[in-house]
Colleague: 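Here's a structure for you.
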Amino acid sequence: MRKIKWGVMGTAYIFERDMARGMSLAENCSMTAVAGRNREKAEEFREKYGFERAYGSYEELLEDEEIEAVYIPLPNTMHYEWTIKALKSGKHVLCEKPLAPDAGQAREMFQAAGENHVFLMEAFAYQHSPYIKEIKRAIEEGEIGEVRYLEAALITSDYDHSNIRMRKETLGGCTYDLGVYALSFIQRMTGVVPTDIHAAAAFSKEGIDTYTTAVLEYADGSKAHMDCGMVLETEKNSALDRFQIHGSKGCIVSGEFGFNAPGTLSYHLRTFDGKDELRTVEVPNNYRLEVEQLGRCICGEETPYLTEEFSISLAGTVENILAKIGY
């Protein structure tokens with residue numbers, strides 16, 4: 001098996017918390033280089049996570065001809081600039097969600113990928129989960145009939161206001177940070193974009209949305225509802241992840257579930273003819289799955305599961321919701 005030589009652009013917390021483990025588990029990944037804003041921090045990461053080398057600037061990483069793919073966990077405001085630079089350097093890119101603040105920037109990013117003959121994929125680790133794919137399969141095979149209503153939510157702790165996700169100038173707020181999970185789940189399950197959106201939000205004194213709710217309407221008359229918020233006990237790392245999907249023959253309701261959770265996850269399937277089942281799915285590390293999937297794409301074995309169309313459409317939905325709440 002060929003191992004793809006990866007570079008990590010930045011020493012972000014999400015890499016330490018999640019991606020470091022995923023990359024180390026990925027069978028087709030070589031953790032080749034890491035770059036930070038200063039070499040000392042990058043050297044710490046090199047030693048801690050086993051990278052072959054470290055760089056004191058992002059430019060140096062992109063100049064490394066051995067690097068084939070770059071993971072970008074930088075702040076939301078930096079995704080566009082550094083993704084474009086990486087793509088123009090001939091690197092495949094896995095960029096953290098949200099890929100871009102609007103559909104226009106997302107479209108330009110994918111255009112750069114096409115022009116430079118490399119892959120760009122948005123990093124939604126949970127979308128690669130066999131649990132999500134199992135639920136999508138159940139819907140496609142008609143187990144609950146025609147979908148009429150979906151709802152999905154991700155509610156987390158509040159955070160100290162020095163946190164980057166709590167500042168408007170760094171594209172913080174709950175829709176960008178959390179709503180994209182619920183909205184991407186809804187988009188995956190429906191397979192289409194809404195024709196109309198209604199939304200409302202509560203804001204912090206700094207002007208970020210701390211709780212946002214949206215109703216999505218579709219051409220076939222079906223509806224969806226999204227909730228996201230940073231309102232639970234401050235800095236307790238609490239989270240409420242949930243969904244329901246109701247159809248003409250029954251419903252699917254989340255059981256033991258977390259968007260990026262590994263382990264044994266479950267869901268309830270109930271139908272109007274009396275079926276009532278608790279189904280379980282074994283889920284490996286989702287971050288490993290997304291790294292391995294992009295690696296297989298680079299080797300010519302697959303195409304990205306998170307497609308250009310999916311990410312641009314999602315960015316457009318987020319953009320629409322934020323416009324509705326005046327953000």
Side-chain angles (χ1 to χ4, degrees), residues 13-14 17-19 21-22 96-98 122-139 144 147 149-159 163 165-166 172-190 199 201-202 208-216 223-246 251-270 277-290 305-306 310 314 317-318 321:
Y13 174 63
I14 190 171
R17 187 189 67 186
D18 298 312
M19 184 56 91
R21 178 65 174 161
E96 266 304 328
K97 60 80 192 167
E122 188 171 12
F124 267 115
Y126 90 92
Q127 286 268 335
H128 298 266
S129 168
Y131 177 86
I132 298 299
K133 293 180 179 181
E134 163 66 15
I135 293 165
K136 178 67 172 176
R137 179 207 58 76
I139 292 171
I144 61 170
V147 174
Y149 172 75
L150 301 85
E151 63 179 35
L154 179 53
I155 315 295
T156 70
S157 297
D158 185 19
Y159 299 93
N163 191 304
R165 72 190 73 186
M166 303 299 285
C174 65
T175 300
Y176 277 135
D177 193 55
L178 307 172
V180 292
Y181 281 100
L183 291 167
S184 61
F185 177 88
I186 290 169
Q187 183 170 304
R188 178 64 67 190
M189 297 306 157
T190 62
I208 67 158
D209 61 322
T210 54
Y211 194 96
T212 295
T213 186
V215 174
L216 292 72
K223 307 287 190 296
H225 177 224
M226 182 279 293
D227 279 327
C228 61
M230 300 169 174
V231 295
L232 303 182
E233 186 62 28
T234 302
E235 299 291 356
K236 293 299 183 184
N237 200 30
S238 301
L240 169 61
D241 310 55
R242 69 168 190 269
F243 66 83
Q244 295 190 38
I245 308 168
H246 291 260
C251 66
I252 294 172
V253 180
S254 56
E256 186 67 31
F257 169 69
F259 277 99
N260 277 324
T264 305
L265 304 187
S266 64
Y267 66 93
H268 298 268
L269 188 142
R270 303 184 180 100
E277 297 179 358
L278 176 65
R279 297 179 176 179
T280 60
V281 181
E282 293 301 319
V283 179
N285 183 291
N286 293 302
Y287 298 89
R288 168 189 175 178
L289 295 178
E290 69 178 351
Y305 187 60
L306 273 291
F310 187 94
L314 179 62
T317 299
V318 172
I321 289 173

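The model shown is predicted, which means the values in this text are computed figures rather than measured ones.
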Colleague: Under the 3.5 angstrom rule, does the side chain of Asp209 hit a backbone N or O of Cys174 as a donor-acceptor pair?
Modeller: yes
Colleague: Decide side chain to side chain donor-acceptor pair (under 3.5 Å) for Tyr287 and Asn260; before the verdict, give the C-alpha distance in whole Å, the side-chain angles of both, and the deciding distance to 0.1 Å.
Modeller: CA-CA 8 Å; Tyr287 298 89; Asn260 277 324; 3.0 Å; yes
Colleague: Does any non-hydrogen side-chain atom of Ile252 lie less than 4.5 Å from one of Arg270?
Modeller: no
Colleague: Is any side-chain heavy atom of Met189 less than 4.5 Å from a side-chain heavy atom of Val147?
Modeller: no
Colleague: Given side chains that start at C-beta, do those of Leu216 and His225 come closer than 4.5 Å, heavy atoms only?
Modeller: no
Colleague: Would you please name every residue forming a salt bridge (charged side-chain N to carboxylate O under 4.0 Å, His left out) with Asp227, sequence neighbours left out?
Modeller: Arg242
Colleague: Taking side chain as C-beta onward, heavy atoms only, is Thr280 less than 4.5 Å from Leu265?
Modeller: no
Colleague: Going by side chain to side chain donor-acceptor pair (under 3.5 Å), name the residues that satisfy it together with Tyr126, two or more places apart in sequence or in a different chain.
Modeller: Ser184
Colleague: Taking C-beta and beyond as the side chain, do Asp177 and Cys228 meet within less than 4.5 Å on heavy atoms?
Modeller: no
Colleague: Flag the pair Asp241 / Ser254 as yes when at least one side-chain heavy-atom distance between them is below 4.5 Å, and no otherwise.
Modeller: no
Colleague: Just to verify, what does Arg21 make a side chain to side chain donor-acceptor pair (under 3.5 Å) with, not counting sequence neighbours?
Modeller: none
Colleague: Decide if the gap between the ring center of Phe243 and the ring center of Phe185 is smaller than 6.0 angstrom.
Modeller: yes
Colleague: Identify which one of Tyr267, Tyr131, Tyr181 satisfies the ring pair (Phe, Tyr, Trp, His ring centres under 6.0 Å) criterion when paired with Phe257.
Modeller: Tyr131
Colleague: Using atom types as modelled and distance alone, determine if a side-chain donor or acceptor of Lys136 lies under 3.5 Å from a backbone N or O of Arg188.
Modeller: yes
Colleague: Judged by atom type as modelled, is there a donor-acceptor pair below 3.5 Å linking the side chain of Thr210 to the main-chain atoms of Met230?
Modeller: no
Colleague: Minimum heavy-atom separation for Asn286 and Pro262, please, with both atom names.
Modeller: ND2-N, 4.4 Å
Colleague: Do Asp158 and Leu232 have side chains that approach each other closer than 4.5 Å (heavy atoms only, starting at C-beta)?
Modeller: no
Colleague: Atom CD in Gln244, atom OH in Tyr149: separation rounded to 0.5 Å?
Modeller: 7.0 Å
